[in-house]
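Remarks on the structure that follows.
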Amino acid sequence: MKTLKALKFLCLLLLTGLSFSSVAQQPKLIKNIVLVHGAFVDGSGWKPVYDILYKKGYHVTVVQQPLNSFSNDVAAVKRVLALQNGPCILVGHSYGGAIITVSGNDPKVAGLVYIAAHAPDKGETEAGNGKLYPSAYKSLQKGADGFDYIKPEQFYADFAADLPKYRATFMADAQMPTADAVFHAVMPAPAWRSRPSWYMVAAADRIINPDLERLYAKRATSKTVEIAGASHAVYESHPMEVANMIIDAATHIK
């Protein structure tokens, strides 16, 4: 009888151990999402993605960085990260990718999502990488005050060709001139070397060469999705695919 009880007790311990082991191996469920826009635009372009994530119960914050210096833009993101009540997924589009590459070293950041974004390595600059893989657009204008902008009449073709033209026209007329200096900021240690990452390649991007996007994704060993025919404004033209990638990141951080 004692032997039978001992065997039952041993079996219970084994089952309990397996149960604990199973729980321990479950991925974290992250509910905080921080979205970072790129150059020449503001955070309002994230609204289609925001709406999808919000309706699914995520706590989503959109950063409105000033685009007047790289350090100020990183500080704006870190200010938002400080307000999060737990781990978060940090998402960057375009130049926003360079910003999250630095601010993503914050301890609250569990994973990074790059949407047609720059992901420079230590010692690199966004502008330098762009010279190695030249972009197709010719609409960038450099202002006398050190702030760049995209010619409004060419914004649709170069930035958002897969959006309805009136939406691209609004983006062009509402664009935020961006300090040219931010594109020459030299990267310190990149967060993608210590954080898991996801990357969305916009295959018809004219602002960032898709081959450069592919290089970034491969180098960071990112889980990658490529969207055929997508413009640089892929976060607006394909919000469901973008939201699904963010959700994948939020549910598969181990």
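Numbering of residues begins at 1 and proceeds along the displayed sequence. The structure presented is a predicted model; accordingly, all values stated were derived computationally and were not measured.
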[X] with [Y], same ILVMFWY side-chain cluster at under 4.5 Å:
| X | Y | answer |
| --- | --- | --- |
| Tyr199 | Leu215 | yes |
| Met176 | Tyr137 | yes |
| Tyr50 | Ile52 | no |
| Ile247 | Ile227 | yes |
| Phe147 | Met171 | no |

Quick check: do [X] and [Y] have side-chain heavy atoms less than 4.5 Å from each other?
| X | Y | answer |
| --- | --- | --- |
| Met245 | Ile115 | yes |
| Trp46 | Val242 | yes |
| Val91 | Val49 | no |
| Ile246 | Leu35 | yes |
| His37 | Tyr235 | no |
| Trp192 | Ser222 | no |
| Lys122 | Pro190 | yes |
| Ser139 | Arg206 | no |

Looking at [atom1] of [X] and [atom2] of [Y], how far apart are the two atoms once the value is rounded to the nearest 0.5 Å?
| X | Y | atom1 | atom2 | answer |
| --- | --- | --- | --- | --- |
| Thr125 | His184 | OG1 | NE2 | 7.0 Å |
| Leu140 | Thr178 | CG | OG1 | 9.5 Å |
| Gln84 | Ile30 | CD | CD1 | 11.5 Å |
| Ser103 | Leu112 | OG | CG | 8.0 Å |
| Tyr156 | Asp162 | OH | CG | 8.0 Å |
| Phe155 | Lys165 | CZ | NZ | 13.5 Å |

Give a yes or no on whether the backbone of Cys88 and the side-chain of Lys108 come within a donor-acceptor separation of less than 3.5 Å.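 Flag not set: sc Lys108 to bb Cys88 has no pair under 3.5 Å.
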
Assess whether side-chain contact (heavy atoms from CB on, under 4.5 Å) is satisfied between Ser194 and Asn105, documenting all intermediate values. CA-CA 8 Å; Ser194 59; Asn105 287 305; 4.0 Å; yes

Please name the pair of heavy atoms, one in [X] and one in [Y], separated by the smallest distance, quoted to 0.1 Å.
| X | Y | answer |
| --- | --- | --- |
| Gln175 | Pro177 | O-CD, 3.5 Å |
| Leu67 | Asp73 | N-OD1, 2.8 Å |
| Pro87 | Asn32 | O-ND2, 3.3 Å |
| Leu163 | Ala233 | CD1-CB, 4.0 Å |
| Gln64 | Ser44 | NE2-N, 4.3 Å |
| Val201 | Glu213 | CA-OE1, 3.4 Å |

Any pair counted as salt bridge (charged side-chain N to carboxylate O under 4.0 Å, His left out), so long as it reaches [range], sequence neighbours left out:
| range | value |
| --- | --- |
| residues 184-202 | Asp121-Arg193 |
| residues 144-155 | Lys142-Asp148 |
| residues 231-249 | Arg167-Glu236, Lys223-Asp248 |

For Phe183 and Tyr95, take the angle between the two ring planes, folded into 0 to 90°, and tell me which bin it lands in: parallel under 30, tilted 30 to 60, perpendicular over 60.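 The arrangement is perpendicular - the two ring planes meet at more than 60°.
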
Parallel, tilted or perpendicular, as decided by the 30° and 60° cut-offs, for the rings of Phe159 and His93: perpendicular

When you look at Leu132 and Leu212, which way does the side-chain contact (heavy atoms from CB on, under 4.5 Å) test go after all the steps? CA-CA 8 Å; Leu132 296 174; Leu212 179 55; over 6 Å; no

With His118 via ring-ring contact (aromatic ring centres under 6.0 Å, His included) - residues at least two apart: Tyr216

Among pairs that include at least one residue of residues 59-79, which meet ring pair (Phe, Tyr, Trp, His ring centres under 6.0 Å), considering only residues two or more places apart or in two chains? none

Derivation of the side-chain contact (heavy atoms from CB on, under 4.5 Å) call for Ile253 and Ile89: CA-CA 9 Å; Ile253 298 290; Ile89 299 299; 4.0 Å; yes

Output, in order, the C-alpha distance, side-chain angles, deciding distance and verdict of side-chain contact (heavy atoms from CB on, under 4.5 Å) for Leu81 and Val109. CA-CA 8 Å; Leu81 292 175; Val109 177; 3.8 Å; yes

For Lys55, the side chain to side chain donor-acceptor pair (under 3.5 Å) test, sequence neighbours excluded, returns none

